Structures are given as structure tokens and as C-alpha cells.
K.L.:
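Take a look at the following structure, please.
Being a predicted model, the structure only gives us computed values, none of them experimental. Chain letters run A, B, ... following the sequence lines, proteins first, then strands; residues in each count from 1.
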Amino acid sequence: MRYVVVGLHAAGRSACLWLRKVDKTAEVIGLDPSPLPIYSRPLISYVLAGEMTSRDMVVAGDGFWQERGITVLGDRAVALDPARGGLQLASGRSLAYDRLLLACGARPRPVNLEGPMAEQVCFFRGRRDLERILGRVRPGGAAAVLGGGLVGFKLTMGFLKRGMRVALIVTSPRPLSLNVDAHVGNWVGERLKNTPGVTLLTSTSVRRVEAGSAAALRLDLDTGQSLEVDIVAAGKGVIPETGWLSGSGLECDYGVVADQFLRTEDERVYVAGDLAQAPDLIHGDRRVNAIWPVAVEQGRVAALNMAGIKATYGGSMAMNAIPVFGSKMISVGVVNPSLTKGCDEITTQGAGSGYLKLVFREERLIGAVGLDAPPRLGELAFAIRRRLRRRDIPSWWLDNPKQAAPLAAPGGFLARNARLT
Amino acid sequence: MIQKTVIVRPERCVGCMQCMIRCAEAHSQSKALASAIREPILAKPRIHLGVGPEGRPFPSKCRHCEPAPCQDACMPWAIRDDISPGLKIVDPTRCIGCGMCAMSCPYYVIRFYRDAAAPERPGVAVKCDGCHERVAAGGIPACVTACKTGALAFEEVNLYLKEGTNRLANAVYGVRI
């Protein structure tokens with residue numbers, strides 16, 4: 001049996017580990033175009049902020065693969081022929097497989113700007129982007145960040161730590177509009193506005209990128225203003241890397257469509273990570289949730305299924321934790337009830353226990369957002385998976401989220417099946 | 001090989017918090033309470049006492065899930081399963097304190113503190129490591145040594161499962177034990 005894994009980051013690495021765990025003798029081949037060693041992509045924001053060296057990002061050196069008997073090829077897959085069970089590589093080689101996992105992820109969403117210098121916009125996805133940005137960082141200079149999501153926020157804080165002034169340009173009326181609710185988003189917006197060196201421009205977008213006079217670039221905004229900056233970086237989300245699969249006959253919608261076993265239309269081809277348009281737990285349809293824990297879990301589930309062990313993927317949901325100005329901001333599932341029909345919310349904002357909002361739809365828990373709340377979203381994520389109802393949340397939990405025993409404790413809803421009294 | 005693990009019987013817990021003290025002591029530099037409380041970076045307990053229904057105590061510690069949601073969420077792969085079989089152990093030198101693991105934990109047992117193993121970091125994930133060093137040296141986990149009521153016991157998991165089967169049988173046939 002030969003397993004081939006395309007892409008060795010979050011999903012691919014996890015899949016390789018599990019393939020080896022469940023099948024000690026099979027041939028496992030990993031394929032990744034970026035030079036070894038494999039590093040953890042989200043850590044580039046820590047390197048930008050100077051909190052880590054780029055050597056520390058490495059999570060799997062040569063020894064890691066050798067120990068597990070996994071062959072790694074530094075090559076890129078350019079075409080897939082599922083009928084013949086073969087991959088075409090950029091080097092001209094072809095590679096046959098018995099089971100294939102597509103885990104080649106996503107690339108940054110392009111920003112579609114006009115102007116002669118539009119090519120100068122940097123993205124923030126991998127090590128090359130990081131090097132490009134670090135090469136342009138000028139302490140005392142000015143930077144512009146496009147996009148008010150988590151990547152935009154990380155970029156802003158990174159540039160600030162590097163001694164630059166930052167203009168954060170957000171199309172929506174507040175930062176983190178897709179990640180957290182209005183209360184937390186506005187709080188972050190206020191903190192950003194009051195941070196020396198940061199200019200927050202909401203409901204604003206960039207029209208053109210021209211050569212600047214005082215600095216390298218000039219940004220023309222749709223408000224009529226213009227900004228002179230040394231560097232522009234964009235974090236506007238990602239789009240799955242499906243282009244090379246166009247001739248393969250696999251069903252590609254936004255990402256590669258997968259069933260609850262993370263199998264594509266071809267029974268020998270599986271998909272995991274940012275590329276996979278897999279079942280979504282809350283919305284019930286198939287979506288791409290391009291986050292780390294989902295990728296790692298999908299890598300595991302796909303690997304088990306590839307090895308012939310039936311494992312059902314429960315569905316993905318959005319989930320994030322990010323330190324913001326010394327506070328911990330956490331969110332899971334649906335956080336903006338106003339954007340989803342039939343939603344309802346309850347908020348606990350006790351003294352000392354921070355802000356915690358639970359979102360319900362038709363009495364079922366579907367999301368939560370917290371700011372400096374006790375980090376209990378794992379329980380809530382677990383509860384969402386178990387379809388927790390509003391009346392099942394015990395009052396002792398809601399009254400005291402800082403000290404309360406886990407929901408899975410005796411008396412809690414999640415322990416109900418196991419309780420014998 | 002017979003795998004022993006810490007079994008929690010919350011109904012026996014009286015909330016004395018001795019387990020927390022002994023846990024912190026066992027994870028201190030000096031391993032002795034009297035000197036541990038004077039260490040520059042205070043060791044913290046990895047077992048917590050939650051408040052359950054009607055204020056009843058509930059000892060909560062890492063279950064070392066398999067597969068573990070915290071391990072899935074850990075971006076620097078700092079939660080390792082190759083240190084001791086069956087245990088998920090945080091490598092404090094790799095932890096970046098991002099909070100993703102605590103957010104994914106269904107049992108609320110990961111907290112963030114400064115750790116003597118990585119003193120330069122403002123906060124790393126601190127959770128139960130199964131006292132793997134003590135166990136490897138032939139000892140038993142510190143929390144278990146402290147528990148006087150049998151709420152925490154270091155036992156073979158199969159025996160506990162057998163006990164559960166018996167309880168189920170008794171419950172089904174209405175026998176009070």
C-alpha cells in the first residue's frame with residue numbers, strides 16, 4: 001500500500017503521523033514544494049513581532065520524517081489523474097498512489113488593487129511572505145495593513161513591535177467583524193484607536209497603489225485621502241489551492257468537496273485542511289473553515305479512512321483564541337447572531353469573570369465569544385457538538401463560569417448519559 | 001503492559017484541596033513544600049477543584065484524551081505524546097502561550113502561568129503531566145498520595161471499567177450499593 005500526502009503542513013503532517021500509527025509497514029510519501037524543514041505557518045506572526053526566531057518555527061526536521069520512515073519529496077504536484085491513480089510532479093516525474101491525501105492548503109486571497117505598484121502588496125501566509133515583509137520593515141517608518149481579521153490584527157501588532165507606525169484599513173465598520181461580536185470588536189477598535197502609532201480606518205478601502213514621494217508607496221483610499229507608507233501588507237483571508245486540480249474531474253466548488261469521511265468523488269482520493277470543503281457542524285452544509293485545529297483533525301480523520309478504519313468527521317466550526325492587548329479573546333462557532341436567522345443570545349458579564357456570550361439557534365447552542373472570560377470555550381465547543389440545549393446549561397455553571405466544574409461533571413448535561421444514581 | 005492511570009471518583013471528594021497543594025509541590029523546583037513556596041516562580045497545581053451542582057466539589061484534571069483536542073489545536077506542536085505513553089505533556093520550551101489548547105479543552109484543565117522550565121516566557125500552558133517522572137521512578141502521582149478519601153486513585157483502568165459494569169448491573173436490577 002502506498003499513501004501519498006500532498007502538502008505537509010497542519011493537515012498533511014497530522015495525516016502522516018496517523019498513517020504511520022495505524023499502518024506500520026505501508027509506504028508513506030509526503031510531497032511539499034517548500035524546502036525542508038517543515039515549520040508551523042501561524043508562528044510567522046510571532047517572528048514578525050520578534051517574540052520568536054524563525055528557527056523556532058520548525059516543527060518537523062529531517063529526523064522527524066526519517067524516524068517514522070516517511071519519504072519526503074521536495075516537489076510540487078501539478079496534475080492529478082484519479083482514473084490511473086497517478087500524480088504529475090513539477091519535476092516531470094509521475095508518482096503512483098494507492099491512497100492520496102490532498103492537503104496542499106490555500107493561498108492568500110488577492111486584493112485586486114489598481115495602480116503601477118499594486119504588485120508591491122505583501123501577503124502573510126508563509127515563510128517567504130515573512131522574509132519579504134521583514135526585508136521591508138523600517139523602524140520609524142510607516143506601514144499599512146489591509147484587512148481587519150486576525151491576520152490583519154497580527155500584522156498590525158507585529159509592525160508596531162518593530163517600531164513602525166501602522167494604518168489598519170478595514171472595509172467593515174469594525175475590526176474582527178467576522179471573528180467576534182460587536183461588543184468585543186468595538187472594544188478592540190477602541191483599544192487600537194488609543195494605541196500610539198496605530199491609525200484605524202474603518203469602512204475604508206484602498207483604490208490604487210502608486211509610487212510615493214516621501215515613502216516608497218502611496219495608497220489612494222476611497223475616502224479621497226491618501227497615505228504614504230513603506231510597506232503594505234494584506235490579510236484578507238485565503239482561497240483554496242484548487243487550480244491545479246481543474247483537469248482531474250474531482251468536484252471543486254470553493255474548495256474540494258468532501259463527504260463525511262473526507263473522501264472526494266474518487267474513492268482513493270481524500271482531502272483535508274484549508275483545501276477541504278467538508279461538512280460544517282453548525283450550518284449543516286459543506287464549508288471551508290481554514291483554521292489550524294480543523295486542519296489537524298481532518299488530517300487525522302482522513303488518514304484513518306485512508307488506512308481502512310472508518311472514521312466519521314463530525315464537522316468543522318470556526319474557533320479562535322488570540323491575545324489582544326494583554327486580554328484573551330476567544331470565539332467559537334457563530335458569534336454574530338444578527339448575521340444568522342433565528343438566533344438568540346445570553347451574556348454573562350460578572351465582575352472578575354470577563355465577558356462571555358453564548359449564542360443559540362432554536363434553543364441549541366451554536367456559538368460563543370469571550371473576552372477575558374475563563375477559557376471554557378472547549379467545553380462549549382464540545383457542547384455544540386453534543387447539541388446542547390439552552391435549558392441543559394445548569395445554573396451553577398452560568399452563575400460562576402470561573403470556578404464551576406466542567407459541564408461534563410456530574411450534574412452537567414454532558415455527563416447525563418453516564419450518570420448512575 | 002498494565003497501564004495505570006489516575007481514576008477520579010468525584011462523589012468521594014470532600015474538597016480539601018490537598019491534591020492541589022501536593023501537585024504544586026511535586027512540580028516545584030525543590031519538591032518540598034516549605035521551600036517551594038519561596039521559589040521565585042511559584043509552581044502551580046495542575047489539578048483543580050471545580051464547584052458542581054449545589055456547591056459540591058469536583059476534582060478536575062487532564063484526561064489525556066486520545067485523540068486530544070488540545071494537541072490538535074497546538075500550533076507549535078508543543079503538546080507531545082512521545083514523552084510517556086498515553087500521556088499528553090506540554091513542552092514549556094515550545095509553548096507560545098497562545099491559548100488555543102485551553103480553548104479546545106472540554107474539561108477546562110489547562111491554565112497559563114509562568115513556569116520554571118521556561119522562565120523567560122510570560123505564560124505557558126500548565127496541565128497535568130501524569131507525574132510521569134515520579135511514575136517512571138516507581139512512585140505514584142502526587143495528587144493521589146494526598147487524597148485521603150479515595151476520590152483520586154492510581155489504578156488500572158480495566159478495574160475501574162469492571163467496577164462501572166457492576167454498578168450498571170446493580171442499577172439495572174435496582175440493587176443499592
K.L.:
Please classify the contact of A:S331 with chain B as side chain, backbone, both or neither, using a heavy-atom distance under 4.5 Å.
P.N.:
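The backbone, not the side chain.
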K.L.:
Side chain from CB out, backbone as N, CA, C, O: work out which of these in B:C74 comes under 4.5 Å of a heavy atom of chain A, or both, or neither.
P.N.:
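Backbone of B:C74 only, per the 4.5 Å heavy-atom cut-off to chain A.
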K.L.:
Check each atom of A:W18 against the heavy atoms of chain B and say whether the ones under 4.5 Å are side chain, backbone, both or neither.
P.N.:
side chain
K.L.:
With no hydrogens and no angle check, do the side chains of A:S327 and A:D372 hold a donor and an acceptor under 3.5 Å apart?
P.N.:
yes
K.L.:
For chain B, which candidate among A:N320, A:I322, A:I291, A:D56 shows the most heavy-atom pairs at distances under 4.5 Å?
P.N.:
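Maximum pair count with chain B is reached by A:N320.
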K.L.:
Assess, by modelled atom type and distance only, whether the side chains of A:Q298 and A:S316 contain a donor and an acceptor separated by less than 3.5 Å.
P.N.:
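A:S316 and A:Q298 do not have a side-chain donor-acceptor pair below 3.5 Å.
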K.L.:
Please rank B:C101, B:P69, B:C98 by heavy-atom pairs under 4.5 Å with chain A and give me the top one.
P.N.:
B:C98
K.L.:
Contact part of A:A404 toward chain B, heavy-atom cut-off under 4.5 Å: side chain, backbone, both or neither?
P.N.:
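Contact with chain B is through both the backbone and side chain of A:A404.
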K.L.:
Can you tell which part of A:A10 gets under 4.5 Å to a heavy atom of chain B, answering side chain, backbone, both or neither?
P.N.:
backbone
K.L.:
Compute whether any side-chain donor of one residue and acceptor of the other, for A:W397 and A:E379, lie under 3.5 angstrom apart.
P.N.:
yes
K.L.:
Which region of A:V332, side chain (C-beta onward) or backbone (N, CA, C, O), has a non-hydrogen atom less than 4.5 Å from a non-hydrogen atom of chain B, or is it both or neither?
P.N.:
neither
K.L.:
Does the ring of B:Y113 carry B:R111 above it, NZ/CZ under 6.0 angstrom from centre and within 45° of its axis?
P.N.:
no
K.L.:
Report yes or no: do A:D274 and A:H9 form a side-chain donor-acceptor pair below 3.5 Å?
P.N.:
no
K.L.:
Does the side chain of A:R125 come within less than 4.5 Å of A:R41's, by heavy atoms?
P.N.:
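In short, these two side chains touch, coming nearer than 4.5 Å.
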